[in-house]
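Note that the structure is predicted; figures quoted are calculated from it, not measured. Naming convention: chains lettered A, B, ... in sequence-line order (proteins, then strands); numbering from 1 in each chain.
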Amino acid sequence: MITCQHARHLFDRYLDGELPSSLQAELHAHQLNCSDCQAELALAEAYGDVIAYDRCEPTLSASFTDRVLLAYRAQQVVAPRRNWSRMLISIASPLAAAASIALAVFLIAPTASERPQGLLAGQIAQVSDPTIEIVGASGKGRNEVKAARMEQMPAGFVDVILDPIVKQTRSTLDGTKRSLEQLESLIGLGFAGANDTLAAGWRDLQSDRKSPSGSSSPKISGPDLFAPSLPQEAAIDSDLPFDEFDDTIEAL
Amino acid sequence: MITRRVESATPRLTRRMEKRLVAQARNGDQEAARILVDAHKDRLFAFVWRILRDHHESEEVCQEAFLRAFSSLDSFSAEYRFSTWLFTIGYRLCLNQIRRRKSLTGEVDFTGISSDEPDTVDRVAESEAARRLKNQIWRAVDELSAPQRAAIMLFYREGMSCETIAQTLGIPMATAKSHLHRARGRLRDLLSGLVNDWTSVRPFRETAS
């Protein structure tokens, strides 16, 4: 038979519903003979019943559900606006970061003329440098390890990755510059002058195309108004059917 | 062993139905959201009101809890009950509210000050002795700290296990048990002198029968 002290230790586990059945039986047996423990458990059951079943709390106002749904709808309307700004940030941030990294690499990396002839892309994979591990293990500073890595890096590495980007950017800038010059020149000529110049230039261009052997130079001063603003390579590589277009114009 | 199956005034949703409604509400279905609010609002309000003891504040907290629950439905894990999640949000908002009160009024915590219980039709029908006893029990409950009150309400009213109480309150299970056991100890101390023989007293069942 368990004592009162032991029984009271079991009360919480019993009320939590976690008392093994063997101990439950012992507790019930003790309760039959102990009025104090019986009263204490009765008290716990009494307040437990009141808390569980006595719904004496005030009630919510009748319009509560409508108010919640109204506020929820309002929240849904506002939400997309927030999403736009978030979307913009989520797109712009990585782009800005990538541009900064590319710019930093472009500015920091030595130019092609300062380095020996670059390697082909396929040769990069063949380069192995056990010295990097040795340098790192010798406890040198991070900068020294970096410098060692730079030395071991194939000379054409930066060129292989960045050259196409740099070329593309340069040609785009040239094209934009040319467009600006053309525009400035036309503004300088005035409306009537610009009209005449363009008509004359167009005729010359057509005659040049028809007889390519007589490569005549432009007859107008200043920048070449018919030079494409896009780089020549891009114009040549593009799939636009320029010849067909010209033929159609002529037919008209 | 005491097994408590609490029947609430509003019928509880089955787990399957709750999952379906949550999925529909996630897709912006207002009707599903309405059913979820109607199914949980009274239980949530009772829980929140027991902690805050202020009608206006409790309504605001409940509304905010529903809005937060709906606006973050995407992060809701289907392994939990919607009610557990809702009670978790409600409990945190209650603690924030109590903190705000303390910052406004110094250290005075109004949750411990019992107000007059609202009269309802049921209460008028009760015997005077039973009503007085219930009031004393609720007054003792009001003496408990907010976490103890939350634990005891979730255990007895919501029929939650210690594990679910711990999940709901965002605390370790040992702490949840400690809150529950300390609450029982405090209630025993506060109530044991009121009645000589509690074995003959069943305040709720007397009136219910």
- Any salt bridge between A:Glu40 and B:Arg184, counting N to O under 4.0 Å? no
- Query: Would a 4.5 Å heavy-atom cut-off, applied to side chains only, mark A:Tyr72 and B:Val37 as touching?
  - Reply: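 No, side chains not in contact.
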Which pair of non-hydrogen atoms, one from [X] and one from [Y], has the smallest distance, and what is that distance?
X	Y	value
B:Lys41	A:Thr65	NZ-OG1, 3.1 Å
A:Phe64	B:Cys62	CZ-CB, 3.7 Å
B:Arg157	A:Asp54	NH2-O, 3.1 Å
B:Ala33	A:Leu69	CB-CD2, 3.7 Å

Quick one: [atom1] on [X] to [atom2] on [Y], what's the gap to the nearest 0.5 Å?
X	Y	atom1	atom2	answer
A:Tyr47	B:Trp138	OH	CH2	12.5 Å
A:Glu57	B:Arg53	CD	CZ	8.5 Å
B:Arg188	A:Phe11	CZ	CZ	8.5 Å
A:Asp49	B:Tyr156	CG	OH	9.5 Å
A:Ile51	B:Arg50	CD1	CZ	8.5 Å
B:Phe70	A:Gln75	CZ	CD	10.5 Å

Contact class of [X] relative to chain A, heavy atoms under 4.5 angstrom:
X	answer
B:Leu180	side chain
B:Phe45	side chain
B:His181	both
B:Ala69	neither

- Message: Going by the rule salt bridge (Lys or Arg N to Asp or Glu O under 4.0 Å), which residues pair with B:Asp54 if we only count those two or more places apart in sequence or in a different chain?
- Response: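 So B:Asp54 forms no salt bridge (Lys or Arg N to Asp or Glu O under 4.0 Å) with any residue.
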- A:Arg67 meets the salt bridge (Lys or Arg N to Asp or Glu O under 4.0 Å) criterion, sequence neighbours left out, with B:Glu59
- Task: Evaluate the criterion side chain to side chain contact (heavy atoms under 4.5 Å, CB included) for residue pair B:Lys177 and A:Glu18; output intermediate values, then yes/no.
- Result: CA-CA 12 Å; B:Lys177 275 190 178 177; A:Glu18 292 175 355; 2.8 Å; yes
- Task: Let me know if A:Thr59 has heavy atoms under 4.5 Å from chain B in its side chain, its backbone, both or neither.
- Result: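 For A:Thr59, backbone heavy atoms alone lie under 4.5 Å from chain B.
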- Task: Please indicate whether B:Glu163 has more than 12 foreign heavy atoms, meaning atoms of other residues, nucleotides or ligands, lying under 6.0 Å from its CD.
- Result: no
- Message: Please evaluate residues B:Arg34 and A:Asp66 with respect to the criterion salt bridge (Lys or Arg N to Asp or Glu O under 4.0 Å), reporting the C-alpha separation (whole Å), side-chain torsions for both, the decisive distance (0.1 Å), and the verdict.
- Response: CA-CA 8 Å; B:Arg34 178 180 289 278; A:Asp66 291 331; 3.1 Å; yes
